Every structure is written in C-alpha cells, then in structure tokens.
K.L.:
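Can you read through this structure? Questions will come right after.
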Amino acid sequence: MTPLDFDARHLWHPYTNVLAPGPMHRITHAEGVWLTRDDGGQMIDAMSSWWCAVHGHRHPAITGAMHTQIDTLPHVMFGGLTHDPAIELGRKLVAMLPDGLDRIFYSDSGSVAIEVALKMAVQYQMAKGETSRTQFATIRGGYHGDTWKAMSVCDPVTGMHGLFAGALSIQHFLPRPPVGLTDDWSDDPALNGIGALSDLLDHNARSIAALILEPVVQGAGGMYFYHPEYLRQAQALCRAHGVLLILDEIATGFGRTGQMFAMDHADIVPDILCLGKALTGGHITLAATIASEEVARGIGESAAGVMMHGPTYMANPLACAAACASLDLLASGDWKTNVQAIEAQLRDGLAPAAALPGVRDVRVLGAIGVIEMYDPVDARIAHARAPETGVWLRPFSHNIYTMPPYIITPDELTRVTSAMVELAQGSSS
C-alpha cells in the first residue's frame with residue numbers, strides 16, 4: 001500500500017468526505033512560499049497553510065529558535081510552573097498590544113482561544129452578579145472555530161447550526177454590517193446596522209455576556225470586509241449596556257489587513273482579544289486570549305476565584321519560542337512594506353476577474369485577495385489543477401481567495417493571481 005493509498009484508506013482530512021476525498025498531494029518539503037510534492041513538483045502556498053505561515057515555511061529565525069528550545073525544554077506543564085519562553089512572549093505581546101490588554105491566557109489552538117474568551121465573559125458577568133448574562137451576540141457571516149461553543153457563534157446558515165440543530169446553544173444573531181469597507185458610512189442607524197444592535201441590547205442586554213466579532217474582515221464565513229465605524233459604535237453600545245466586547249483576530253492579527261491588528265483600523269481596544277494562526281509564523285500551533293485587567297480582576301474576585309480552563313499543552317515552551325522569533329521578525333517592520341506591495345499587486349492582478357460573468361465581486365485588503373462567485377466553487381477542481389498551475393489554492397463556498405505569505409515575490413504573486421482568475425473563468429462557464 002502506497003503512502004497515498006494508506007492516507008485515503010485511514011486518514012480523515014478536514015471537511016472531507018472519506019468516500020470521495022478528491023485529489024490529494026503528498027508534501028515532502030516546504031521552504032519559503034513553496035511546497036514540494038513527492039513527485040518533485042512544486043506549488044506556491046497561496047493559502048499560507050490556512051493563513052498562518054506569514055513569514056513563509058521553515059524561516060531560519062523561527063526554526064533556529066525551536067531547535068535551541070527543544071534541546072533544553074520541549075514541554076512542561078503550566079500549572080504551578082513557568083518558563084522563560086512564556087514570559088518573554090508575554091513581554092512582547094504586552095509591548096505590541098494597546099494599553100488595557102494586560103492578561104494573557106495561552107492555549108493551543110484558535111478555537112480553544114475562543115472557548116476561553118467565552119468562558120471569561122460568562123465568569124466575569126457572574127462575578128459582577130449578572131447571573132442571567134449567559135448568552136452571546138454576534139453578526140451573521142462570522143466564523144469563530146469548530147469546537148462546541150465556538151460553533152454556536154458561527155453563522156447559523158453557512159456554519160454548522162443546521163447539522164447540529166438542538167444541540168448548540170442558541171445565540172443572538174444580528175444582520176451582517178451592511179456598509180462595506182470602502183463604502184461611505186451612513187449615519188442612519190437603520191442603514192448602517194447599528195440600529196439592529198441597539199435594539200437587541202435595549203431588549204436583551206441583561207441576558208448577553210458579550211458581543212463577539214471578527215473586526216473588519218470576516219474570514220471563513222464569507223471573506224466579507226465591513227466598515228470600521230461599525231466597530232467603534234458597537235463598542236460604545238456594549239459599554240453602555242454592560243456587555244463585553246470580544247474581538248476574534250485569529251485570522252487577521254499580525255499584519256494580514258495592512259495594520260498589525262484589524263482593530264487598529266477602528267482604533268478601539270476590546271475587553272477580550274483572541275490571537276492565533278500567525279502567532280508562531282505557522283511553524284507550530286499556539287493561541288492566546290488576552291483580557292483587560294478589569295475582566296481578569298473580576299474573575300479573580302469571584303466565588304470561583306480561578307479561570308476555569310487549563311489546556312495540557314498551555315504555553316508549550318517550544319511554541320512560545322517560535323512565537324517570540326515570529327514577533328521579532330514582525331518588529332523589524334518589513335512586513336508592512338511587503339503587505340502594501342502585495343495589496344497593490346492583488347488589486348491589479350485580480351481586476352480582470354471583475355468582468356467575468358460568474359463573478360459577483362472582487363475585493364482586496366492588505367494581503368487578502370478574494371474573487372466571490374455567484375455559484376459555489378468546487379475546491380477539488382482547484383486541487384486537481386495545482387500541479388499544472390504551480391499554485392496551491394483551496395476555495396471555499398463561493399470564494400476563490402489568497403492569503404499569501406508576506407515574503408512572496410512579485411513574480412510568484414503574479415502566478416497566484418493568474419491561477420485565481422483562470423479558476424474563476426473556468427467556474428464561470
């Protein structure tokens with residue numbers, strides 16, 4: 001049995017039907033933006049391996065830090081013990097985050113970071129005597145992870161609510177913010193989406209612990225970009241009603257939108273922030289939930305006293321060492337120039353797709369490029385074409401998109417945009 005035969009027979013890949021898994025590529029090597037298959041062929045990783053490999057694969061600064069760390073302390077439990085990589089990473093995060101986000105809770109994946117944030121919100125409200133505040137509000141089109149509570153705040157149509165009807169908690173879903181990122185902001189609450197949020201909080205605030213949002217960019221729920229003013233006004237409403245604001249920056253954090261954090265487009269600071277994906281430059285899994293001092297102290301002064309969560313691999317030293325090296329690379333500032341250049345080239349390279357009959361919209365922000373189709377795109381077609389185009393794309397739903405590593409060259413990015421436009425053209429016929 002060949003390795004790929006074994007894979008097809010025994011391994012279960014994400015969002016894949018085991019009875020019809022589609023084309024599969026066996027990767028033997030990765031470096032920079034390139035993935036090498038077992039047949040020697042190469043493909044540009046236009047996905048940054050699900051948006052996390054922002055510095056490219058096998059960056060020597062990150063792998064070097066991991067090699068050094070693995071020889072001294074690969075792992076130790078974080079309960080009652082600490083270590084230098086966790087402390088150093090904490091210092092770097094506090095220094096780069098805005099004032100007010102001070103308490104860092106490490107975990108091992110983005111979905112778990114969301115679970116921790118939701119727990120924090122409920123525990124904080126309980127500590128304040130708001131025992132009825134156990135639900136959450138969010139907007140349609142969002143995605144916050146695949147674990148149980150995280151699924152409950154994902155879009156009720158494009159997410160998994162239908163499949164798990166009756167099992168997931170019922171949350172409050174608002175209309176997707178109607179004003180797009182580049183549109184003129186309307187001051188009419190009935191037209192800008194704030195009226196719906198105001199009405200919800202006027203009638204249901206005493207049951208809502210927090211509002212959770214992906215700031216400016218909604219990721220796997222549809223790659224929609226909305227106006228930063230929505231965030232500013234939403235935060236003001238939350239504060240007026242005693243509702244916490246949670247921002248999910250797992251996909252957008254660390255430069256992806258052209259700002260270090262997407263919340264910087266709105267110049268706001270949430271009560272709780274979730275980070276992951278690019279935190280380690282995509283070299284090993286790690287996530288963080290960062291709370292304000294007020295939230296942390298509120299939980300500390302509660303009857304429980306402790307934050308009721310503790311992942312086994314929390315603050316893994318190997319992952320923390322990788323994250324420290326990744327943040328050092330971001331601190332150099334080169335990423336911002338690179339992302340600006342990527343944004344400009346994506347606009348030019350994807351522009352021809354706008355004229356195709358099957359294309360609904362083309363949009364770009366930072367190192368994110370999206371071709372939205374009227375009809376769903378079969379990802380298996382893109383997978384099958386990857387050896388020919390030399391570009392690894394993984395469309396989802398109606399979207400053909402790229403989130404390339406920040407180190408991608410203009411020639412490499414031209415190959416990516418050409419492959420995207422060709423796939424859109426093929427999907428239009």
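The shown structure was predicted, so the numbers you read here are calculated from the model rather than taken from an experiment.
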K.L.:
Has Thr389 got a side-chain atom pairing as donor or acceptor with Ala419's backbone, closer than 3.5 angstrom?
P.N.:
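Flag not set: sc Thr389 to bb Ala419 has no pair under 3.5 Å.
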K.L.:
Would you say Thr337's side chain and Gly333's backbone share a donor-acceptor pair under 3.5 angstrom?
P.N.:
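Flag not set: sc Thr337 to bb Gly333 has no pair under 3.5 Å.
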K.L.:
Determine whether Ser48 and Lys277 make a side-chain contact, defined as any pair of heavy atoms from C-beta on separated by less than 4.5 Å.
P.N.:
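Sidechains of Lys277 and Ser48: no contact.
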K.L.:
For Arg103, does the CZ atom sit with more than 12 other heavy atoms under 6.0 Å from it, leaving out its own atoms?
P.N.:
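Not more than 12 within 6.0 Å, no.
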K.L.:
Take a 6.0 Å sphere around CD1 of Ile70 and say whether it holds more than 12 heavy atoms from other residues, nucleotides or ligands.
P.N.:
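Not buried by this count: 12 neighbours or fewer within 6.0 Å.
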K.L.:
Short question: side chain of His283, backbone of His59 - any donor-acceptor pair under 3.5 Å?
P.N.:
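Between the backbone of His59 and the side chain of His283 there is a qualifying donor-acceptor contact (under 3.5 Å).
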K.L.:
Is it true that a side-chain atom of Trp12 and a backbone atom of Thr16 form a donor plus acceptor pair closer than 3.5 Å?
P.N.:
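Pair found, side chain donor or acceptor close to backbone of Thr16.
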K.L.:
Inspect the surroundings of OH in Tyr313 and state if more than 12 heavy atoms from other residues, nucleotides or ligands are less than 6.0 Å away.
P.N.:
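No.
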K.L.:
So which heavy atom on Tyr224 is nearest to which on Arg176, and how close?
P.N.:
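Looking at all heavy atoms of both residues, the closest pair is CD2-CD, 3.3 Å.
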K.L.:
With distance as the sole test, does Gln123 use its side chain to make a donor-acceptor pair with the main-chain N or O of Ala127 at under 3.5 Å?
P.N.:
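No; judged by distance alone, with no hydrogens or angles, the pair does not exist.
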K.L.:
Any side-chain heavy atom of Met263 within less than 4.5 Å of one from Glu249?
P.N.:
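Yes - at least one pair of side-chain heavy atoms lies under 4.5 Å apart.
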K.L.:
Count the heavy atoms belonging to other residues, nucleotides or ligands that lie under 6.0 Å from CG of Asp84, then report whether that count exceeds 12.
P.N.:
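No.
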K.L.:
Tell me, yes or no, whether the heavy-atom count around Met96 atom CE, taken from other residues, nucleotides or ligands under 6.0 Å, exceeds 12.
P.N.:
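Yes, CE of Met96 has more than 12 neighbouring heavy atoms, counting only those of other groups under 6.0 Å.
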K.L.:
Could you pull out every donor-acceptor pair under 3.5 Å between side chains of residues 104-111 and any protein atom, sequence neighbours left out?
P.N.:
residue, atom, partner, partner atom, Å
Tyr106, OH, Ala86, O, 2.8
Tyr106, OH, Gly90, N, 3.1
Ser109, OG, Val112, N, 3.3
Ser111, OG, Asp146, N, 3.1

K.L.:
Taking everything shown except Asp38 itself, do over 12 heavy atoms lie less than 6.0 Å from its CG?
P.N.:
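More than 12 heavy atoms, drawn from other residues, nucleotides or ligands, come within 6.0 Å of this atom.
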K.L.:
Please confirm whether the ring centroid of Trp34 lies under 6.0 Å from the ring centroid of His29.
P.N.:
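When the ring centroids of Trp34 and His29 are compared, they turn out to be at least 6.0 Å apart.
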K.L.:
Less than 4.5 Å apart, side chain to side chain, heavy atoms only: is that true for Phe225 and Val370?
P.N.:
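Yes; the side chains approach each other to less than 4.5 Å.
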K.L.:
Using modelled atom types only, decide if a donor and an acceptor are shared between the side chain of His67 and the backbone of Ala65 within a distance under 3.5 Å.
P.N.:
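No, the answer is negative, given that no donor and acceptor are paired below the 3.5 Å cut-off.
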K.L.:
Which pair of heavy atoms, one from Phe261 and one from Gly253, lies closest together, and at what distance?
P.N.:
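What the structure gives for the nearest pair is CD2-CA, 4.0 Å.
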K.L.:
Tell me, do Pro387 and His25 make a side-chain contact under 4.5 Å, heavy atoms counted?
P.N.:
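Heavy-atom side-chain distance check passes, below 4.5 Å.
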K.L.:
Answer yes or no: is there a side-chain heavy-atom contact under 4.5 Å between Cys154 and Met160?
P.N.:
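No - every pair of side-chain heavy atoms lies 4.5 Å or more apart.
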K.L.:
Is atom CZ of Arg360 surrounded by more than 12 heavy atoms (other residues, nucleotides or ligands) closer than 6.0 Å?
P.N.:
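Check passes, neighbour count above 12.
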K.L.:
Mind checking whether Met420 and Leu350 have side chains closer than 4.5 Å, heavy atoms only?
P.N.:
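Side-chain contact under 4.5 Å: yes.
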K.L.:
Just how far is it from atom CD of Gln42 to atom CD of Glu31, taken to the nearest 0.5 Å?
P.N.:
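Here the rounded value is 9.5 Å.
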K.L.:
Please tabulate, one pair per line, all N/O donor-acceptor pairs under 3.5 Å involving side-chain atoms of residues 233-240, not counting sequence neighbours.
P.N.:
residue, atom, partner, partner atom, Å
Gln233, NE2, Glu229, OE2, 3.0
Gln235, NE2, Val269, O, 2.6

K.L.:
So Arg133 and Val122, do their side chains get closer than 4.5 Å, heavy atoms only?
P.N.:
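SC-SC contact between Val122 and Arg133 ruled out.
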K.L.:
Should we say atom CZ of Arg297 is surrounded by more than 12 heavy atoms from elsewhere, each under 6.0 Å from it?
P.N.:
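Counting neighbours around CZ of Arg297, 12 or fewer heavy atoms of other residues, nucleotides or ligands fall under 6.0 Å, so no.
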